[in-house]
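To keep things clear, I will list the structure first and then write my remarks on it.
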Amino acid sequence: MANQEYKRYTITSALPYANGPKHIGHLAGAYIPADVYVRHLRLQDKDVVFVCGSDEHGTAIPNQALKENTTPQAIIDKYHQLIKECFDKLGMSFDIYHRTSEQIHHQTSQEIFLTLYNKGLLNEETSEQYYDDEANVFLADRYIIGTCPKCGHPSAYGDQCEKCGTSLSPSELINPKSTLTGKVPVLKSTRHWYLPLENYEPWLREWILKSHEADWKSNVYGQCKSWIDAGLQSRAMTRDLDWGIKVPLPGAEGKVLYVWFDAPIGYISATRALFDEVSSGKLHYATPQRDFSQHKKDDWKKYWQDKETKLVHFIGKDNIVFHCIIFPIMLHATGEYIVPDNVPANEFMNLEGDKMSTSRGWSIEMHEYLHDFPDKPDVLRYALLTNLPEAKDSEFTWKDFQAKNNNELVAIFGNFVNRALVLTQKFFDNKVPVRSALQDIDKKVVSDLAEFPARISASIESYRFREATAHMMDLARMGNKYLAETEPWKVAKTDMDRVGTILNLALQIAANLSVMVEPFLPFSAAKLKAMLNFNGVRWNETGSADLLPERLELGHASLLFEKIEDDVIEAQIKKLHDTKTKMELEKQPVTPAKAEISFDEFSKMDIRIGKILKAERVEKSKKLLKLQVDTGIDVRTVMSGIAEHFAPEDIIGKQVTILVNLAPRKIMGVESQGMILMASDKDGTLRMLNPSADTSPGSVIS
RNA sequence: GGCGCGGUAGCUCAGGUGGUUAGAGCGUUGGAUUCAUAACCCAAAGGUCGGGGGUUCAACUCCCCCCCGCGCUACCA
């Protein structure tokens, strides 16, 4: 199965969610590896389509629109354009970069939904969900805000608390409120269509656990096994929302397809759109990277429904469950579609010691990089390729970026090419010299050269892109070594024929580089070809020492890469820290005011000054401290979720504010008799509230 | 708490099915060289492979326990 010969290839990169810019971690995860893979296939004249596009549905889009005070449409237009342009400038060679807001995608998604529905594979169920009866809408998880049950953060979202990271369901929130109107939402019954994933467990076991144990990456396989073993559950494929793809059923007004139902279908609709456009000749989203002129409108089906098609999804590890479990189940259940042959998900790339995050300002956004280094897309590609998070999270640092550029691209690759060209200019009037009899060292180089294409291919085909990149660079190393050993600049004093032979071979190596480097560094490959006055050859013709004809007049030599100085790198590091600081200040708006209460309600609370007498850690809890507090009234036990902010020994003797008449509650098996009040700063830091001067325990606060 | 993936030279990382002195790139040090963007080329130093047990003639590689990082998931409030 794994080594089957395929007739054609369908390659996808994760659809970026169009709610904001994307950073280099995304590039390293799902885009650059896919692009290398596809370019390598194209160089072999394989029948491949490479599709991607913007994911434009889901609740976060309207959410972002609210934040930016605009419409969802304006949001997706803005970010679709931004992301698309960045991909283009970075050389992502999609045959089409589509959008899920397009009509053809709505149609495709609805068709697949209906196929499943008509086969009776979707279960209709009614459940209770929060509803805002002032705005007259069901509230998506994201639109409900309340106190996090885990950390007490007062503005946790219904699906997740952004402070402690816990995923939640809206019913868990304390004091839930609609973010639209501030009203308390009410539970109301609603109808949805569920895909019973559990029915497909035997099939998944057979397909993934049995037939892909050997060829799927361990991180992907392990994650899938974990999900399957844990027991799959029915999952709602529809939502109450007015932004998205309408559920194509009577009586389903106001309901749309779940974004994770429609998003992966975006790969299919993009392929459809591609063939629509190339067959009609009217290109809009399509940017065909090869000749599609023989294709008909319906040919997209071959790429998704023919068993001789190899489907590969390139994604980041956060998408594994959707691409390996849910989407394949959908495809399989239709009875019409093929499932992926592989899903080589990457782990995450960290940045300068911390997780990358656009919202926290700790990231390198694609458009920012391109703005600061407009002529260096390949340098980023190289820096990411040599450090892809293929087996575990990896680390990007600016210093490393600089070193990769200066010590490898400039010193090894660029330098070799420059040496060969400059010597040819100097001794042979910039023409490929004639080759005479080969010595042993030349024969060795020729035979070594012949081994590179297969070696690089083997790495790429097994999704080992770092290794492939290293092989590629080894070819330039070989060139440098060959020059160092043959010393043509010395031989030139005695034997010009010999020099000609050496430089001819050096130029042949350079010509090979110009082709073999193309999947990795397409811009530099093109530049190098121009310098060699060389049109390039197919991948299968590389490894030959006869790519350039003798006496060929070479083009203009220029530097392929230039050094990046320290101050440029320091400026980037400073910018990174500045952005983070700025975001911290701007982010996390003050928690919205709570609903008005009466004086009576307020006076029900008995808040006093207390004094911590004892504090100890709670076993098996990261956050809890068990405190003994003198409340003036008594000494009582209070469990407090502050262990991540205070060391027990530091807070003994401190005065605190305590709510003493809160109903007791068992926490980690211990009864907590009150609540310590804390101020939570924007960055999440907790601070105690204590009186400005020593105050006796039991003093009432009012 | 459960599960998954990781924890290998100063740094970033490789090391199918266990087998002679554990690898690469970068960095460091020394040498050689000057065609080349002070680049290239050669060489050396550097690791008790997270910790502890066990299986085996033999373990980085298999098994068990523990610690740490990341992720998913649960409960917890």
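Sequence lines set the chain letters: A, B, ... in the order given, protein chains first and strands last, and positions in each chain run from 1.
- At whole-Å resolution of the value, CE in A:Met473 and C1' in B:C13 are 16 Å apart.
- Using a 3.5 Å distance cut-off with no hydrogens or angles, the side chains of A:Gln508 and A:Asn512 do not pair a donor with an acceptor.
- As judged by a 4.0 angstrom heavy-atom cut-off over every strand, A:Ala470 is placed among residues making no nucleic acid contact.
- Across all strands shown, B:C70 pairs with B:G4; the Watson-Crick or G-U wobble distances both stay below 3.5 Å.
- For the 3.5 Å distance criterion, the side chains of A:Thr637 and A:Gln628 qualify, holding a donor opposite an acceptor.
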query: Taking it one step at a time, do A:Lys217 and A:Asn342 satisfy side chain to side chain donor-acceptor pair (under 3.5 Å)?
result: CA-CA 9 Å; A:Lys217 292 169 63 167; A:Asn342 209 326; over 6 Å; no
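- Under 4.0 angstrom from either OP1 or OP2 of B:G71 there lies no side-chain N or O belonging to A:Lys392.
- Here the side chain of A:Ala484 is nearest to one of B:C41, B:C72, B:C13, namely B:C41.
- Nucleic acid contact for A:Ile502: none, since no nucleic acid atom lies under 4.0 Å from a heavy atom of the residue.
- Between the CH2 atom of A:Trp489 and the P atom of B:A36 there is a distance of 10 Å, rounded to whole Å.
- The nearest whole Å value for the distance from the CG atom in A:Asp229 to the C1' atom in B:U73 is 13 Å.
- Here B:U34 sits opposite no nucleotide as a Watson-Crick or G-U wobble pair (both hydrogen-bonding atom distances under 3.5 Å).
- When the C1' atom is compared between B:U12 and B:G51, the two are found 24 Å apart, to the nearest whole Å.
- The nucleotide B:A44 finds its pairing partner in B:U28, both defining distances of the Watson-Crick or G-U wobble pair being shorter than 3.5 Å.
- Between B:C62 and B:G2, the two C1' atoms lie 24 Å apart (nearest whole Å).
- Residue contacts shown for A:Lys355 are limited to sugar-phosphate atoms, with no base heavy atom under 4.0 Å away.
- Nucleotide B:U73 holds its P atom 11 Å from the CG atom of A:Asp318, rounded to whole Å.
- Side-chain contact between A:Lys563 and A:Gln402 is absent, with no heavy-atom pair separated by less than 4.5 Å.
- Checked against B:U12, B:U34, B:C40, the side chain of A:Asn480 finds its nearest nucleotide in B:C40.
- Defined by atom type and a distance below 3.5 Å, a donor-acceptor pair is present between the side-chain atoms of A:Asn219 and A:Glu347.
- Shown here, B:G6 is classed anti by the O4'-C1'-N9-C4 or O4'-C1'-N1-C2 angle, which is more than 90° from 0.
- With the nearest nucleotide of RNA chain B identified for both A:Glu347 and A:Leu423, A:Glu347 has the one nearer the 5' end.
- For the side-chain contact (heavy atoms from CB on, under 4.5 Å) with A:Val432, the lone residue among A:Asn533, A:Leu548, A:Leu503 that qualifies is A:Leu548.
- B:U20 and B:A58: their C1' atoms are spaced 11 Å apart (whole Å).
- Between B:A14 and B:C49, the two C1' atoms lie 13 Å apart (nearest whole Å).
- Within the structure, every side-chain polar atom (N or O) of A:Lys490 is placed at least 4.0 Å from both OP1 and OP2 of B:C35.
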Are any protein N/O atoms closer than 3.5 Å to N/O atoms in nucleotides 26-28 of chain B? If there are, list each pair with its distance.
{"unit_1": "B:C26", "atom_1": "O3'", "unit_2": "A:Asn407", "atom_2": "ND2", "d": "3.0"}
{"unit_1": "B:G27", "atom_1": "OP1", "unit_2": "A:Asn407", "atom_2": "ND2", "d": "3.1"}

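- Rounded to whole Å, the P atom of B:A32 lies 31 Å from the corresponding atom of B:C11.
- Screening residues 412-428 of chain A for side-chain hydrogen bond (donor to acceptor under 3.5 Å, both in side chains) gives A:Arg419-A:Asn480 as the qualifying pairs, with residues at least two apart or on separate chains.
- What separates CG of A:Asn219 from P of B:C5 is a distance of 9 Å, to the nearest Å.
- Comparing B:U61 with B:G19, their C1' atoms sit 11 Å apart, to the nearest whole Å.
- Rounded to whole Å, the distance from CG on A:Leu388 to C1' on B:A24 is 16 Å.
- Residues forming a side-chain contact (heavy atoms from CB on, under 4.5 Å) with A:Ser226 (at least two apart in sequence, or on another chain): none.
- Across all strands, A:Lys404 comes closer than 4.0 Å to no nucleic acid atom at all (heavy-atom distances).
- Rounding to whole angstrom units, NZ of residue A:Lys481 and C1' of B:C35 are separated by 19 Å.
- B:C13 and B:G23 make up a base pair, with Watson-Crick or G-U wobble contacts both under 3.5 Å.
- The P atoms of B:U56 and B:G18 are separated by 16 Å, rounded to the nearest whole Å.
- Judged by Watson-Crick or G-U wobble contacts below 3.5 Å, the nucleotide B:A59 has no partner.
- A:Phe561 comes within contact range of at least one nucleobase, with a heavy-atom separation under 4.0 Å.
- Distance CD (A:Glu487) to P (B:U34): 7 Å, rounded to an integer number of Å.
- For the pair A:Thr397 and A:Ser558, nearest-nucleotide mapping onto RNA chain B gives the more 5' position to A:Thr397.
- Of the candidates B:C13, B:U37, B:U34, B:U37 carries the atom nearest the A:Val410 side chain, counting heavy atoms from C-beta on.
- Screening A:Ile509, A:Leu483, A:Leu513 against A:Met478 for a side-chain contact (heavy atoms from CB on, under 4.5 Å) leaves a single residue, A:Ile509.
- With hydrogens and angles left out, the side-chain atoms of A:Ser436 and A:Thr501 include a donor and acceptor closer than 3.5 Å.
- Between B:U12, B:G15, B:C40, one nucleotide has an atom nearer to the side chain of A:Arg464 than all others, and that is B:G15.
- With B:C5, B:C35, B:G15 as the candidates, the nucleotide lying closest to the side chain of A:Ser218 is B:C5.
- Residue A:Arg419 places its side chain closer to B:A36 than to any other of B:A36, B:U33, B:G71.
- For A:Lys317, the listed nucleotide lying nearest its side chain is B:G71; candidates were B:G71, B:U37, B:U34.
- Comparing the C1' positions of B:G52 and B:C67 gives an interatomic distance of 10 Å, to the nearest angstrom.
- The side-chain tip of A:Lys317 points at the ring of A:Phe348 from less than 6.0 angstrom away and within 45° of straight on.
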